[in-house]
Colleague: 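What follows is a structure written as structure tokens; I'll ask about it next.
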Amino acid sequence: MATEVTAANVPGHQILLQQVDELRDVLGSYAKEIALDAGYYNARCAKALFERGFLVSLPYKPPRTKEQPPCKRIHFQRVHETLYCCPNGIPFTYRTTTRQGYHEFKPPKNSCVGCPFALKNNQDRVLRISIHQPIYDRLRVIPLSWRGKILSWVSFNLLL
């Protein structure tokens, strides 16, 4: 119903929003729930869909890099906006925001010596958290809800 011919290297999440708006213009309104595949796992696209009132169901997509220390999986505890606590009790304080869009939290120098989660060569660890983390958290919870499971099941069975 809303199609657009683009180059092969244009990701779908970049044109999805204008297709949704085009459908609204043609039909006058549209559904408020949308199930997408993992290729649409993008914070800016999800935020724009949330702002338009959509319930967005996306499958979970694990991080691509292994830069995070293994204890990231055990979950650092957030103590304050600028302070996280390691599972071993070591405080990680905010240092900077990178150009790639991550907040970096670092422990005091040489506090990770002897830690079982420390990287090789006794390097200090760095905790990186995306600036879009609240959106990713919201995207992760929706597919686990009953409505998200129904959306995923229906969209999967329609593809068969």
Side-chain angles (χ1 to χ4, degrees), residues 1-87 91-106 117 125-160:
M1 294 179 73
T3 59
E4 183 174 338
V5 179
T6 60
N9 62 348
V10 176
H13 66 82
Q14 289 182 355
I15 59 172
L16 175 68
L17 297 173
Q18 80 184 57
Q19 288 179 336
V20 166
D21 292 338
E22 185 179 320
L23 277 174
R24 185 192 62 226
D25 294 340
V26 170
L27 300 175
S29 65
Y30 44 71
K32 292 295 179 182
E33 298 171 341
I34 188 167
L36 302 167
D37 67 355
Y40 291 89
Y41 196 83
N42 179 286
R44 290 186 181 112
C45 178
K47 181 180 178 185
L49 288 171
F50 286 141
E51 288 171 353
R52 286 173 172 82
F54 278 96
L55 174 75
V56 182
S57 180
L58 286 164
Y60 173 67
K61 188 174 181 182
R64 295 184 204 170
T65 62
K66 294 190 178 184
E67 292 177 3
Q68 297 288 340
C71 57
K72 171 78 163 108
R73 295 186 199 115
I74 300 173
H75 300 295
F76 279 73
Q77 289 186 354
R78 184 176 183 174
V79 178
H80 189 266
E81 260 184 42
T82 60
L83 181 67
Y84 279 80
C85 187
C86 172
F92 279 63
T93 56
Y94 174 78
R95 298 289 184 205
T96 187
T97 300
T98 65
R99 290 184 183 195
Q100 292 80 23
Y102 291 94
H103 297 299
E104 285 191 351
F105 297 84
K106 294 182 181 180
F117 300 113
R125 297 177 291 171
V126 177
L127 174 65
R128 289 182 183 89
I129 298 178
S130 173
I131 60 174
H132 301 293
Q133 195 61 42
I135 296 169
Y136 290 132
D137 291 341
R138 191 170 172 190
L139 284 175
R140 190 157 185 189
V141 169
I142 292 173
L144 301 175
S145 69
W146 282 105
R147 193 65 199 154
K149 289 177 183 181
I150 291 170
L151 276 173
S152 298
W153 184 82
V154 168
S155 64
F156 175 75
N157 286 325
L158 288 176
L159 295 174
L160 294 180

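Numbering of residues begins at 1 and proceeds along the displayed sequence. Note that these values count all heavy atoms, side chains included, but never hydrogens, waters or copies made by symmetry.
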Colleague: Do T96 side-chain atoms and T98 backbone N/O form a donor-acceptor pair below 3.5 Å?
Modeller: no
Colleague: Would you mind reporting whether L151 and I34 have side-chain heavy atoms less than 4.5 Å apart?
Modeller: no
Colleague: Does H103 reach the side chain of I131, with side-chain heavy atoms less than 4.5 Å apart?
Modeller: yes
Colleague: Check ring pair (Phe, Tyr, Trp, His ring centres under 6.0 Å) between F105 and all other residues, then give those that pass, not counting sequence neighbours.
Modeller: Y84, Y94
Colleague: Any carboxylate oxygen within less than 4.0 angstrom of a Lys/Arg side-chain nitrogen, looking at E104 and R128?
Modeller: yes
Colleague: Are the side chains of Y102 and T97 in contact, using a 4.5 Å heavy-atom criterion?
Modeller: no
Colleague: Side chains of L49 and C45, heavy atoms from C-beta outward: is any pair under 4.5 Å?
Modeller: yes
Colleague: How far does OG1 of T93 sit from NE2 of H80, to the nearest 0.5 angstrom?
Modeller: 12.5 Å
Colleague: Residues in salt bridge (charged side-chain N to carboxylate O under 4.0 Å, His left out) with R147, at least two apart?
Modeller: E33
Colleague: In Å and rounded to the nearest 0.5 Å, what is the CG to CZ distance from L17 to R44?
Modeller: 12.0 Å
Colleague: Can you tell if the side chain of C86 reaches within under 4.5 Å of the side chain of F76, non-hydrogen atoms only?
Modeller: yes
Colleague: Examine distances only and state if a side-chain atom of T6 and a backbone atom of V10 form a donor-acceptor pair shorter than 3.5 Å.
Modeller: no
Colleague: Measuring only between side-chain heavy atoms, which start at C-beta, is L58 closer than 4.5 Å to V56?
Modeller: yes
Colleague: Tell me, with the steps shown, if I129 and L127 meet side-chain contact (heavy atoms from CB on, under 4.5 Å).
Modeller: CA-CA 7 Å; I129 298 178; L127 174 65; 3.9 Å; yes
Colleague: At what distance, to the nearest 0.5 angstrom, does CG of N42 lie from CD of Q14?
Modeller: 8.0 Å
Colleague: Please round to the nearest 0.5 Å and tell me the distance separating atom SG of C85 and atom CZ of F92.
Modeller: 9.0 Å
Colleague: I want to check something: taking the side chain as every heavy atom from C-beta on, are I142 and L144 in contact at a cut-off of under 4.5 Å?
Modeller: no
Colleague: Any heavy-atom pair between the side chains of V20 and E22 that's under 4.5 Å?
Modeller: no
Colleague: In Å, rounded to the nearest 0.5 Å, how long is the span from CG of L23 to CD of Q18?
Modeller: 11.5 Å
Colleague: Hey, could you give me the CZ/CD distance between R24 and Q19, rounded to the nearest 0.5 Å?
Modeller: 13.5 Å
Colleague: Does anything in residues 45-57 form a side-chain hydrogen bond (donor to acceptor under 3.5 Å, both in side chains)? List the pairs, not counting sequence neighbours.
Modeller: D21-R52, S57-S152
